[in-house]
2 protein chains.
Amino acid sequence: MFNKETEYALRGLVYIKLQNLKGRRPGTAEVSKEIEAPPFFTAKILQRLVRSGLLESLKGKGGGFFFDPEKPELQLVKLVSATEGDRSFTGCGIGLKYCDKANPCPLHEKYAPIRESINNLLSEETVQSLAQKVHKKEISLTNALK
Amino acid sequence: MFNKETEYALRGLVYIKLQNLKGRRPGTAEVSKEIEAPPFFTAKILQRLVRSGLLESLKGKGGGFFFDPEKPELQLVKLVSATEGDRSFTGCGIGLKYCDKANPCPLHEKYAPIRESINNLLSEETVQSLAQKVHKKEISLTNALK
DNA sequence: TTACCAAAAGACCTTTTTGTCTTTTAATAA
DNA sequence: TTATTAAAAGACAAAAAGGTCTTTTGGTAA
Ligand code: FES
Ligand code: FES
C-alpha cells in the first residue's frame with residue numbers, strides 16, 4: 001500500500017495528535033518508540049513534515065511536535081502527496097504512461113473503481129479522524145508479537 | 001499499485017499470450033519493444049518467470065516465449081506472488097506487523113474491504129483473460145504520447 | 001557437423017529507499 | 001546569561017529496486 005516513510009509518518013502523526021488531545025507534545029524519541037519505528041529515520045520524517053507545513057514543532061525544553069489547532073484537519077491524501085508524490089493513486093494499473101478511459105488498458109475496467117475507492121478513503125479520512133478512532137475505541141497503533 | 005518488475009511482467013505476458021494466439025512465439029527484443037520496457041531488464045524478468053514455471057521458452061532459431069497450453073490460466077495473484085512476494089496485498093494499511101481484525105488499526109475498517117476487492121480482482125483475472133480483452137476489443141498495452 | 005540463433009546465467013552498475021549519526025540552532029528554565 | 005533540552009540540518013551508509021551487458025548454453029536448420 002504505502003512505502004515505509006508514509007507508514008511511519010501516518011503512525012507518528014496519529015500518535016502525536018493523540019498526545020496533543022491529552023495536552024502533551026511528544027518528541028522524536030517518544031514517537032519512534034511508541035510507533036515502533038527507527039528513531040533517527042522517524043526524526044527525519046517528522047522534520048520533513050514540519051518543513052512542508054503539515055506539522056508544527058518547538059525546540060528546547062518542553063518542546064516537541066504538535067498540530068496547529070487553527071489549521072484544517074490533515075487529509076491522508078495531503079500526507080501521501082507530501083511523502084510519495086501526487087502520482088501514487090492516479091496512474092494506470094499496468095503502468096501505462098497515463099490512465100485514459102477512452103483508451104483503456106485491459107485492467108482498467110476493474111481497477112479504476114478500486115483506485116477511486118482508495119482515493120475516497122484518502123480524502124475522507126484525516127490524521128485527526130484516525131486519532132479519534134484510536135481515542136474512542138480499543139484500536140491500536142502497534143501490535144507487537146504476543 | 002505494482003512495482004516495475006510486475007508491470008513489465010504483466011504487460012509482457014499479455015503480449016506473449018496475444019502472439020501465441022496468432023501462432024507466434026515472440027523473443028525478448030520483440031516483447032520489450034512492443035511493451036515499451038527496457039530490453040535487458042525485460043529479458044531478465046522473462047527468464048525468472050520461466051525459471052519459476054509460469055512461462056515456457058525455447059532457445060535457438062524460431063525460439064521464443066510461450067504458454068504451455070496444458071497448464072491452467074495464470075491468475076494475476078500467482079504472478080504478483082512470484083514477482084513481489086506473498087505479502088503484497090495481505091498486510092496492514094499502516095504497516096503493523098500483521099493485520100488482525102480482532103485488534104484492528106484505525107484504517108482497517110475502511111481499508112480491509114478495498115484490499116479484499118483487489119485480491120478478488122487478482123484472483124478473477126488471468127493473463128489469458130486480459131489477453132482476450134485486448135484481442136476482442138480496441139484495448140491496448142501501450143499508449144505512447146500523441 | 002557446422003553455422004547460427006536466441007534464451008540462460010550471472011557479473012556489474014545506477015538510482016531510490018531506508019536508515020544512521022554528528023553538528024548546529026533555537027527555545028526554555030534556573 | 002548560562003546550562004540544558006530538543007528539533008534542524010545535513011553528511012554518510014546500507015539495502016533494495018531498477019537496469020545493463022557479456023559470456024555461456026542449448027536448440028535449429030542448412
Ligand atoms: S488505462 Fe490502465 S488503469 Fe486506466
Ligand atoms: S490492522 Fe491495519 S489494515 Fe487491518
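Letters A, B, ... mirror the listed sequences (proteins, then strands); counts begin at 1.
Nearest nucleotide to the side chain of A:Q47, out of D:dC12, D:dT28, D:dA8: D:dA8. Of the listed nucleotides (D:dG18, C:dG19, C:dA7), C:dA7 has the atom at the smallest distance from the side chain of B:F65. Checking D:dG18, D:dT28, D:dT20 against every side-chain atom of B:P38, the shortest atom distance belongs to D:dT20. Proximity note for B:K61 (side chain, C-beta onward) versus D:dG19, C:dA8, C:dC4: the nearest is C:dC4. Between D:dA7, C:dA7, D:dT5, one nucleotide has an atom nearer to the side chain of B:T28 than all others, and that is C:dA7.
When each of B:L54, B:L55, B:L18, B:L74 is paired with B:V127, the side chain to side chain contact (heavy atoms under 4.5 Å, CB included) condition holds for B:L74 and for no other.
As a whole-Å value, the separation of A:E30 CD from D:dA7 C1' is 15 Å. Atom NZ of B:K44 and atom C1' of D:dA16 are 12 Å apart (whole Å). For B:F40 and C:dT14, the CZ to P distance is 16 Å, given to the nearest whole Å. As rounded to whole Å, 13 Å separates atom P of C:dA9 from atom CG of B:L49. Distance, A:E56 CD to D:dA7 C1': 14 Å, rounded to whole Å. In this structure, CG of B:N3 is placed 13 Å from P of C:dT18, rounded to the nearest angstrom. The distance between atom CD1 of B:I16 and atom C1' of C:dA6, rounded to the nearest whole Å, is 14 Å. What separates CZ of B:R48 from P of D:dG18 is a distance of 10 Å, to the nearest Å.
Residue-level contact check: B:L58 touches the backbone only, with heavy atoms under 4.0 Å from sugar-phosphate atoms and none from bases.
Put simply, the side chain of B:K59 and the base of D:dT28 share no donor and acceptor less than 3.5 Å apart. Contact of A:K4 with C:dG19 (side chain to base): no donor-acceptor pair of N or O atoms is detected under 3.5 Å.
Ionic pairing of B:K71 and B:E56 is present here: one or more N-O contacts between side-chain nitrogen and carboxylate oxygen are shorter than 4.0 angstrom. A:E125 has a carboxylate O that lies under 4.0 Å from a charged side-chain N of A:K133, or vice versa, which qualifies the two as a salt bridge.
Phosphate contact (OP1/OP2 of C:dA9, side-chain N/O of B:R51, threshold under 4.0 Å): present. The shortest distance between the side-chain N/O atoms of B:S57 and the OP1/OP2 oxygens of C:dA8 is below 4.0 Å.
B:Y8 has its side chain within reach of B:P38: a pair of non-hydrogen atoms, C-beta onward, lies under 4.5 Å apart.
Comparing A:Y8 and B:R25 by the nucleotide of DNA chain C that holds the closest heavy atom to each, the one mapping nearer the 5' end is B:R25. Checking B:G62 against A:G62, the closest nucleotide of DNA chain C that is more toward the 5' end is the one next to B:G62.
Heavy-atom neighbours of B:E109 CD from other residues, nucleotides or ligands within 6.0 Å: at or below the threshold of 12.
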